[in-house]
Amino acid sequence: MAEPTANPQPTLAERAMAARSGAAAAGYLAGLNPEQREAVETLDGPVLVLAGAGTGKTRVLTTRIAHILSLRKAWPGEILAVTFTNKAAREMKERIGKLVGEAVEGMPWLGTFHATGVKILRRHAELVGLKPGFTILDTDDQVRLLKQLIAAENIDEKRWPARMLAGAIDGWKNRALTPDKVPAGEGGAYANGLGVKLYADYQARLKTLNAVDFGDLLLEVIRLFRENPEVLAQYQAKFRYLLVDEYQDTNVAQYLWLRLLAQRKPGEIQNICCVGDDDQSIYGWRGAEVDNILRFDKDFPGAKVVRLERNYRSTGHILATAAHLIAHNEGRLGKTLFTDGEDGEKPALTSVWDSEEEARSIGEEIEQIQRQGDSLNEVAILVRASFQMREFEDRFITIGLPYRVIGGPRFYERLEVRDALAYLRCVASPSDDLAFERIVNTPKRGLGDATLQLLHDHARARQVPLMQAAKVMVETEDLKPKVRGALRSLIENFDRWTSKLDLLPQNELAELVLEESGYTEMWQKDRTAEAAGRLENLKELVRSMEEFESLSGFLEHIALVTDARGEGETEDAVSIMTLHSAKGLEFETVFLPGWEEGLFPHQRSLDENGRAGLEEERRLAYVGITRARRKARIYFAGNRRIHGLWQSTVPSRFVNELPGDHVAISEGLGTAGYGGMGRGGFGQSRFDKAESFGSTYQTPGWQRAQAQKSLADAQGRFTGRTGSQAFGSTFAEGRGGFQGRLTDRTPSGRLIEGELVAKSGEPSRYKTGDRVFHLKFGYGDVVSADGNKLLVQFDKAGEKRVVDSFVEAA
């Protein structure tokens, strides 16, 4: 294919497009505010456009391209515009087409990083040891190839999974590291030092197959430019203008790729414009480097920085809240969003007893929104971790509220959850062939399709379930010894698990099954970005089983839940998604649950990345708040069940960083406890003083919380469960009347565990038929009284045993 020339002649289509763009240009600058117009009209030299959330960055990018064309500064083929997603590229093409009067067919270099890399690589494939018709491997092909190389080195793939190596290689390529450049310490982390050798073997094998993976689409282009200066010079001359969207999300490889193309000889002008927001850099976990945007002025001396701070999305109080929070980050260039519109409603901050009440409260508020006639499509729940979704999904299905999960399947449809449920279905019903077929070789046991076919043949001939067929076949010579041994071990496991059905609580049995089957270990060894989330989802699944009487009852519930999906992307429904998935979206009302230490900011991010991790988590909070146009609702729970045990939680430090003048404190703070005050936590809290918010709150809820604080300090915190009944309560001399397990942490962090028997108080002052109110369970009628223990039929929560000191006359 022909090489690009230094001064390419424009095609007829390019000439026609440029001519029309000049005619269409009249008036398109009139709709821009002063800052946007400055960003559009500053065409010469390096420009960094710091575009805050909702400030019109896409409009600036597209108008800038139209402006370049209208002024005849460059032909369409001389403009390189790179985006991160195909969707963003399509949107830019459509907008430019409207500005210049036609679809943008004459802009061949507007697309994603990878799409542009493919185009360059196919033109010069021979220079990097490839042929122009090379294939691009997907993740499955990549893992399959790595498995072959691992086997050739006699490495135990179970101990050193191929996906672990694939993740390492992907990380090296994101940092533009070829095998000879990988640091020794990193290379030694896989298979006792064989990681780099396998990386080199993998790259050589790719060349033999005339193939590349996605990382190569940038890595090989960087190598092409470095090893062939004449080719680099041709592209540098070809692209008169470079435009980059979402610059804060670029990784090292993308950064180097752009720097090479943007280089100019001394005295030549670098016409590069990068648009981004350092406050929205939230993808560090997949290689993004926020430092790329922070050092722009050092990479391109004399760069002009244009700040877009006029927000067209959110109300004044929402923007002030987000600005005050993100100002706590040190690593930022600095800007403050404002709006010419109304201040609107203050973001609401609400404390609840636990995650169940959190889901119930949010559900009730959304139902109120629905009753007012507002669209549910304009409501979103943004969670930090995907396991939080389960509580909301269960609640919405119970009350019949339509919802959709964005960026992934619903909780019970996730791969790891379906696998775990298949194991449990086999334990509860050994004749469940579909479940057995799903997990017979998950994790890998060498029981492939050939083995499964033999089991099917025998099962059909004898008209018995697959597991029964397997029990017969492991005693014969029909299977190879290794396969027979693996299948026998699996069958013995199922027999042992089934025998414990009536001996262990279903949640403990589930945890045992996932551990002994090797399924949990499989994800612990997986080094992909999704593995940690999958493990959290498995823990949430096990946790959710505690409230059911038996395993069969739980499985029946799941069957009904998954059958009652009522899915339809076009229907009016609430959107549930992670904060990462929400970037770029906006809604009228946004709910932000789970603002607690360890969950948000996430402990793993703090442990692995220290201050950088904390600042990225804070940027994530900023992104969440700025998704809201009119209403933002922030929630944190006083208690959350973690790994099957109720634990007191501490409100996120981000709660302490919210501005008092712009946040409304919910009434719930006085009744549910406020981060350690009242009945919501253990010991002192950083929120004991209202001054930490910069103002004093005088709502009734706040005053009740302050009044209850001394009671909590004196009495401590008791959490645990009796049988299948989960509870959380205050303990003190002469109160209680129940026996349970004490689980808590001392102020120094030491875990306290032990049995507690509280003394029975005097006979209850309530009698059968009395109407009472409980903080957690709501209103109900007393069924019977045993000392100070009441059996209450609650209106919504059903029949519960409670202590009379925690109810009051309705």
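Fair warning: this is a prediction, and the values are worked out from it, not measured in the lab. By convention here, the first residue in the shown sequence is residue 1.
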Correct closest heavy-atom pair for G769 and D781 would be O-OD1, 4.5 Å
Partners of K482 by side chain to side chain donor-acceptor pair (under 3.5 Å), sequence neighbours excluded?
none
Could you check whether atom CG of D156 has more than 12 heavy atoms from other residues, nucleotides or ligands sitting under 6.0 Å from it?
yes
Is the backbone of R360 close enough, under 3.5 Å, to the side chain of R395 for a donor and an acceptor to pair up by distance?
no
For R144, salt bridge (charged side-chain N to carboxylate O under 4.0 Å, His left out) partners two or more places apart:
D141
Does either side chain, that of S386 or that of N537, offer a donor lying less than 3.5 Å from an acceptor on the other one?
yes
Measuring from L424:CG to I439:CD1, what's the distance to the nearest 0.5 Å?
10.0 Å
For the pair T649 (side chain) and A637 (backbone), establish whether a donor and an acceptor sit closer than 3.5 Å, ignoring hydrogens and angles.
yes
When you compare the side chain of M545 with that of L551, does any pair of heavy atoms fall below 4.5 Å?
yes
Can you check whether D394's main-chain N or O pairs, donor with acceptor, with T398's side chain at less than 3.5 Å?
yes
Aromatic ring pairing Y423/F494, orientation class (parallel under 30°, perpendicular over 60°, tilted between):
parallel
Return each pair, listed once, that meets side-chain hydrogen bond (donor to acceptor under 3.5 Å, both in side chains) where at least one residue sits in residues 462-474; pairs must be two or more places apart or across chains.
K471-D495
Report yes if the side chains of V792 and K800 come closer than 4.5 Å at any heavy-atom pair, otherwise no.
no
Rounded at 0.5 Å granularity, tell me how far CD1 in I399 sits from CD in E364.
8.0 Å
Test salt bridge (charged side-chain N to carboxylate O under 4.0 Å, His left out) applied to R384 - qualifying residues, sequence neighbours left out:
E617
Just wondering, are more than 12 heavy atoms of other shown residues or ligands nearer than 6.0 Å to CG in D607?
yes
Output yes when R410 and E393 qualify as a salt bridge under the 4.0 Å nitrogen-oxygen rule, no when they do not.
no
Any carboxylate oxygen within less than 4.0 angstrom of a Lys/Arg side-chain nitrogen, looking at E571 and R404?
no
Decide yes or no on salt bridge (Lys or Arg N to Asp or Glu O under 4.0 Å) for E530 and R414, but give the supporting numbers first.
CA-CA 12 Å; E530 298 83 15; R414 296 176 186 275; over 6 Å; no
Testing D786, V783, V782, T768 for side chain to side chain contact (heavy atoms under 4.5 Å, CB included) with L791, which one passes?
V783
Kindly indicate whether the side chain of L452, heavy atoms from C-beta on, has any atom under 4.5 Å from the side chain of L447.
no
Residues two or more places apart in sequence or in another chain: which of them pass side chain to side chain contact (heavy atoms under 4.5 Å, CB included) with K500?
R496, L504, L509, L512
Yes or no on side chain to side chain contact (heavy atoms under 4.5 Å, CB included) for T451 and N441, after CA distance, side-chain angles and deciding distance?
CA-CA 10 Å; T451 304; N441 202 35; over 6 Å; no
Would you say S652 and E597 make side-chain contact, with heavy atoms under 4.5 Å?
yes
With sequence neighbours left out, write down each residue that passes ring-ring contact (aromatic ring centres under 6.0 Å, His included) with F554, or none if nothing qualifies.
F548
State which residue, out of I576, V574, V405, fulfils the side chain to side chain contact (heavy atoms under 4.5 Å, CB included) condition with F392.
I576
Measure from the side-chain N and O atoms of K525 to the backbone N and O of K158, and report whether any donor-acceptor pair falls under 3.5 Å.
yes
Do the non-hydrogen side-chain atoms of T578 and M389 ever get within less than 4.5 Å of each other?
yes
Should the pair Y635 and F591 be assigned to parallel (<30°), tilted (30 to 60°) or perpendicular (>60°) ring geometry?
tilted
Run the side chain to side chain donor-acceptor pair (under 3.5 Å) test against S489 and tell me which residues pass, sequence neighbours left out.
none
Could you report the tightest heavy-atom contact between A531 and D526, atom names first, then the distance?
CB-O, 3.4 Å
Heavy-atom distance under 4.5 Å between the side chains of W497 and S517, does that happen here?
yes
Spacing of CZ belonging to R159 relative to CD belonging to E521, to within rounding of 0.5 Å
11.0 Å
Does K147 have any salt bridge (charged side-chain N to carboxylate O under 4.0 Å, His left out) partners at least two apart in sequence or in another chain, and if so, which?
none
Would you mind reporting whether L501 and T498 have side-chain heavy atoms less than 4.5 Å apart?
yes
Evaluate the criterion salt bridge (Lys or Arg N to Asp or Glu O under 4.0 Å) for residue pair R543 and E391; output intermediate values, then yes/no.
CA-CA 11 Å; R543 188 202 76 75; E391 203 91 51; 2.9 Å; yes
Say you draw a straight line from CG of L535 to CG of L514; how long is it, rounded to the nearest 0.5 Å?
10.0 Å
Minimum heavy-atom distance V542-A510, with the two atoms named:
CG2-CB, 4.3 Å
Under the 3.5 angstrom rule, does the side chain of D354 hit a backbone N or O of N639 as a donor-acceptor pair?
no
Which value, rounded to the nearest 0.5 Å, describes the distance between L194 atom CG and I155 atom CD1?
4.5 Å
Compare every heavy atom of G195 with every heavy atom of L165, then report the nearest pair and how far apart it is.
CD1-O, 4.2 Å
What heavy-atom pair brings E416 and Y519 nearest, and what distance separates the two atoms?
CA-OH, 3.1 Å
Pair I366, F396 - check side chain to side chain contact (heavy atoms under 4.5 Å, CB included), show working.
CA-CA 10 Å; I366 294 175; F396 292 171; 3.9 Å; yes
Among residues two or more places apart or on two chains, list those pairs meeting ring pair (Phe, Tyr, Trp, His ring centres under 6.0 Å) that have a residue in residues 147-170.
W160-Y190
Test side chain to side chain contact (heavy atoms under 4.5 Å, CB included) applied to Y412 and L541, step by step:
CA-CA 9 Å; Y412 293 115; L541 177 70; 4.1 Å; yes
According to salt bridge (charged side-chain N to carboxylate O under 4.0 Å, His left out), who are the partners of D419, at least two apart in sequence or on a separate chain?
R438
What heavy-atom pair brings E358 and G594 nearest, and what distance separates the two atoms?
OE2-N, 3.0 Å
Show the numbers, then the answer: is there a side chain to side chain contact (heavy atoms under 4.5 Å, CB included) between L487 and L455?
CA-CA 11 Å; L487 189 58; L455 292 177; 4.0 Å; yes
Only counting residues at least two apart or in another chain, list the ones meeting side chain to side chain donor-acceptor pair (under 3.5 Å) with E157.
none
L415 side chain reached by R418 side chain, heavy atoms, under 4.5 Å:
no
Who are the side chain to side chain donor-acceptor pair (under 3.5 Å) partners of Q453, not counting sequence neighbours?
D457
